[in-house]
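See below for the structure under consideration.
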Number of protein chains: 2
Amino acid sequence: MSFPVAGLIRLGRDADEPLSRQIYRQMRAAILERRMPAGMRLPSSRRLAEDLGVSRNTVTSALDQLTLEGFLEPRVGAGTHVAATIEALPATPRVATAAPKAARISMRGKVLSTFARRPVGMGPAFSPGVPDIRLFPHDLWGRLLRAAARRPDRRFCSYDGYDGLPALKEAIVDHLAETRGVRTEPDRVLILSSAQAALDLVARMLLDEGDMAAIENPAYSGALIAFLAAGARIVPVPVDGEGMITSVFDNERPCLVYVSPSHQYPLGMTLGLERRVALLDAAAQAGAFVIEDDYDSEFHYRGKPIPALAGLGGERVIYLGTFAKTMMPAIRTAYLILPPALVEPFRRAQRNTGQVPAQVVQGALAAFLTEGHLRAHMRRAGAVYRARRDRLVEGLARTCPQLIVDPVPDGGMQLTARFRNGDVDDQAVPSGSLPGAAIARRSAGFALARRG
Amino acid sequence: MSFPVAGLIRLGRDADEPLSRQIYRQMRAAILERRMPAGMRLPSSRRLAEDLGVSRNTVTSALDQLTLEGFLEPRVGAGTHVAATIEALPATPRVATAAPKAARISMRGKVLSTFARRPVGMGPAFSPGVPDIRLFPHDLWGRLLRAAARRPDRRFCSYDGYDGLPALKEAIVDHLAETRGVRTEPDRVLILSSAQAALDLVARMLLDEGDMAAIENPAYSGALIAFLAAGARIVPVPVDGEGMITSVFDNERPCLVYVSPSHQYPLGMTLGLERRVALLDAAAQAGAFVIEDDYDSEFHYRGKPIPALAGLGGERVIYLGTFAKTMMPAIRTAYLILPPALVEPFRRAQRNTGQVPAQVVQGALAAFLTEGHLRAHMRRAGAVYRARRDRLVEGLARTCPQLIVDPVPDGGMQLTARFRNGDVDDQAVPSGSLPGAAIARRSAGFALARRG
C-alpha cells in the first residue's frame, strides 16, 4: 500500500496559483519537513490525479519539477520515490513549533458537541418520533438473534462484509420495492449504525468547508448538526402546506439538499408530486445530491403512500431508511441507498469511519424481514398508532380549542399542533399547561425539532 | 433550543483581527445572507462565549456593536434576537452563486476513501490481528443475546443511554481493573461501534486542520487514516526494540499521540516502563493527549502483563479497548476510557455522529463479562494462540532460515518476521514463496499495517 500523498495536499480551486504549482509547493514542503520521508514510494501519477481530482498533466508537471530539483527519483520498473539523498538535508522546522498548544476540543469538535440532544423520555406519549416499544415482539426478536448467533456465516465473522450482510441488503431491496416503490440493487445498499451516522457520513463525504447545504425549515436537528459539523453554510428552505418550497433554488446553489418528503418532520405534510419533480430537476441542474430522509414512511394510514423520491430519480437521490421507527431505536441499524457513482467511495469511507452494526443484528434483521415479521409488526403497530392519532386529534379539539392540527398527518408517529392565534409566543406558555413535548416549539426563526 | 450560532463562526486564533471583530464581522454576514434569519433568538452571551472558547466580554462587545447598528434587538426578558427589520433589506448574494458546482466527493471524503482497507481473509492462518472464530462459544453467545432481547431494559430501548448501557460500562470497569491494572469509573466509559469509530471520533474532536498528530512508524493504518481525515499533519515516530522512541517530542509539538504500548502493532514489542513515563511527561508538558490502543493486550503469554498506560496517568491518556480480538470482530463493539475533561463533549458528539452499537448486543456483552465467560474464553483461546505462536516460530526457524522473528511477542495474535539480510527487498519476493500475509511488508518509508 502506498502512502496516501493526496491526504497531504489541499488544493485551493479558486486560488490564483496554478494547481500544478500548488501541488509542487506542498509536496516539496512535505518532503523537507519529512512528512514524506526519504525512500517513500509515491502512488502512480494517474492515481494521484484521480485522488486530487485534477488532470494527469497537472500532476506530472509538478512531479517532473520535483524530479528535476532532486526531490524525487524515478526507479526503473518500481515507480517514483522520495530521493534517498534527502536524508542529508537539514529538516525544515515545521510551522508552529514555537509554543506548546494546550490540548483542547477542535473547532469541528465544538460544533459536534454544541448540541446536547436530550433524551426524549421513555414513555410512548408525547415523545415525537419514538415508537411504542411495548408493541414490539421482543420474544420473537430474541429467537431470531439466537438463531443468527448459533449459525453465523463464517465469511462475515471477521472484517469482511463491512458494508453490510448480503442477506440483509437483499431483504432491504425487497422491502423497499414492496413498501416504497423503489427499485434498486443490493450493491447500492450501505448498512450503518444509525440514521445519524448515515447523515454524518453523507455530510463528510459531500460537503467541503463553506459549501452550501439546503435544509427544510423547520427540520430534524440531526441533519443540521451533521451539515454544520462538515463546515457547510446552511440554506434554510421554507415549508408550506405542500412541503419544502423548491423555488428557493432559483437563488441558491446548494450542493446537498435535505428533505423529508413522505411526512415532513416535524410538521407532517407530504411533498407534492410537482414539487418532487421540480426538486429533482433543480438538483440535476445544480449538480446537487438530495438526501431523502424516509424515517417513518412505512406507517401510512390513508390511501396509497406516495412512492419515495428515490423511485423517481436514482442518479441524484441518496435514500435514508432506518429500523428505528418500524422496530425500535435500540436496534441501531439504518441504511443508505446510494447513487451508483457514490457506492465505492462511501464503502471505503465507512470502513475507515467504523459506523457498522454487529453482524448478528444484521442476520436477525434479515430474517425478520424475509420471514414477513416486519410486515406483520407494521400492520399491528400501525393500527395502534392510527387509533392514537385519531384519539389525540379528537381530544385536542375538545380540550384545547386554542390549538389547531393542520395537516392531520397521513402517517408516521407524531403530529404538530399550532396556536390558532399566531401571536401567541409558545415559549411563554408555562410548561405543564399543555402536552408540551408533542408541540413543536416554533420560534420566529429557524425551528429545530428533536427526533430522539 | 436556540440556533447553534457558534457553528457559523470560525475564529482565527493567530489572525491579526481581534476576536470580537471577527465575531462581529461573521455574524453580520450571516444576518445579511439570511443564514441567521430575522427574529431568530440568539443563545445567551455566556453560552456563546463558552461555545466559541472566548471570554464573555469578547462576545458582548461584538453583540453590542451589532445591536447599535440595528442588526440585533434585545427583548425584555426574552433574550436577544435578530432584528425583524432585517427582512426589509435586500439579501446579500452569497459567495460562489455564479456557477453550479458539479456534485463531487469532498476533499475530506477523498481522504476517507483513499484507502481501500482490503478484507483480510477468513482463515485463522496468516491474517494478522484476526482471532480464530471457531474457538468462540457461539451457542452461549446466542443464549445471552436471546435473554437480553427478551428482557430489554425499557429505559434504553429508545434513544436514552446513547453513550452505553450502564451494565456494560460497569462490567468494562471491572474487567479493566482485573486484567489491565486500570482503575476508572463507569462515567468515563463511552461505548462505540468499533475501534475505528473510536479513532475517528477522537481525531475529529481533538484535531484541527494542520494540527500535528504523532504516530508510531510502522503503525496500524486505521489510526493514520483517521488523523489524515481530520486534516492533521502526521509526525511518524520511529520504533526500536523498546517501542516508540519518545525523544522525538524534543523537536515536535503534536497535540495527539497514537501508541500501542502493550504489543506494538505490527512489530510486537512492549513499550518499556521508562519510555511510558517519558511519554506521559512529554504529553503533559506539551498539553497533548495520548491514545493508548490496547487492541489485544488481554492475550498475554509470559509473566505478568505490564499495566496499561491509562493506569499510570489518567489525565492525558485516552484508552481504547475492543472486543474484536477477545471475542470476534463481528461483535462491532469497542470503548474509550476518557479523561474527565473530555467525557461530556465526547458524549454529545457521539450522539451527533451516531456510532453506537445495538442495545441488545451491549446487554449480552455485559452478561458475557459479568458471568465470567470472557475470562473463560480468553483462557481457552489464549492457550491455543500461544501454542500456535510457538509452532509458527519453531516452524519458521526450521523451514525459513532467511527469516528472523525478534522479538517473539509475549502475547497477542500476530508476529512479524524480518529478513536476516537487511538488503532483501520484501516487495520483490514472489508472493506464494513465503507465508506472505504474516509478514509485515516494510518498505523504506512509512510502513503501514492492516489490522482488518
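Values below: every heavy atom of this structure, side chains too, minus hydrogens, waters and symmetry copies. Residue numbers start from 1 in every chain, and the chains themselves are labelled A, B, ... in the order their sequence lines are given, proteins ahead of strands. Every value quoted in this text rests on a predicted model; they were computed, and no experiment measured them.
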Any side-chain heavy atom of [X] sitting closer than 4.5 Å to one from [Y]?
| X | Y | value |
| --- | --- | --- |
| Arg154(B) | Arg134(A) | yes |
| Leu207(A) | Ser106(B) | no |
| Arg104(B) | Phe289(A) | no |
| His138(B) | Pro152(A) | yes |

Go through Ala358(B), Gly109(B), Cys157(B) and name the one with the most non-hydrogen pairs under 4.5 angstrom from chain A.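 Winner by heavy-atom pair count: Cys157(B).
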Look at the side chain of [X] and the backbone N and O of [Y], then say whether any donor-acceptor pair between them is shorter than 3.5 Å.
| X | Y | result |
| --- | --- | --- |
| Arg10(A) | Met107(B) | no |
| Gln196(A) | Asn352(B) | yes |
| Arg108(A) | Ala230(B) | yes |

Quick check: closest heavy atoms across [X] and [Y], and the distance to 0.1 Å?
| X | Y | answer |
| --- | --- | --- |
| Gly354(A) | Ser194(B) | O-OG, 2.9 Å |
| Ser113(A) | Pro345(B) | CB-O, 3.3 Å |
| Ala149(B) | Trp141(A) | CB-CD1, 4.0 Å |

How far does [atom1] of [X] sit from [atom2] of [Y], to the nearest 0.5 angstrom?
| X | Y | atom1 | atom2 | value |
| --- | --- | --- | --- | --- |
| Gln355(A) | Leu192(B) | CD | CG | 11.0 Å |
| Arg143(A) | Leu145(B) | CZ | CG | 15.0 Å |
| Phe156(B) | Met328(A) | CZ | CE | 14.0 Å |
| Gln359(B) | Ile331(A) | CD | CD1 | 9.0 Å |

So for [X], is it side chain, backbone, both, or neither that comes closer than 4.5 Å to the heavy atoms of chain B?
| X | answer |
| --- | --- |
| Leu206(A) | both |
| Val356(A) | both |
| Ala203(A) | backbone |

Would you check, one step at a time, whether the test side-chain contact (heavy atoms from CB on, under 4.5 Å) holds for Leu112(A) with Arg348(B)? CA-CA 7 Å; Leu112(A) 278 174; Arg348(B) 292 186 192 184; over 6 Å; no
Heavy-atom distances under 4.5 Å only: say whether [X] touches chain A with side chain, backbone, both or neither.
| X | answer |
| --- | --- |
| Leu52(B) | backbone |
| Leu144(B) | neither |
| Ile9(B) | backbone |

Are the charged groups of Lys110(A) and Asp208(B) less than 4.0 angstrom apart, N to O?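 Salt bridge: no.
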Restricting to salt bridge (Lys or Arg N to Asp or Glu O under 4.0 Å), what partner residues turn up for Arg150(A), sequence neighbours left out?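 Partners of Arg150(A) under the salt bridge (Lys or Arg N to Asp or Glu O under 4.0 Å) test: Asp139(B).
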Among all residues two or more places apart in sequence or in another chain, which pass the salt bridge (Lys or Arg N to Asp or Glu O under 4.0 Å) test with Arg204(A)?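 In terms of salt bridge (Lys or Arg N to Asp or Glu O under 4.0 Å), with neighbours along the sequence ignored, Arg204(A) is linked to Asp200(B).
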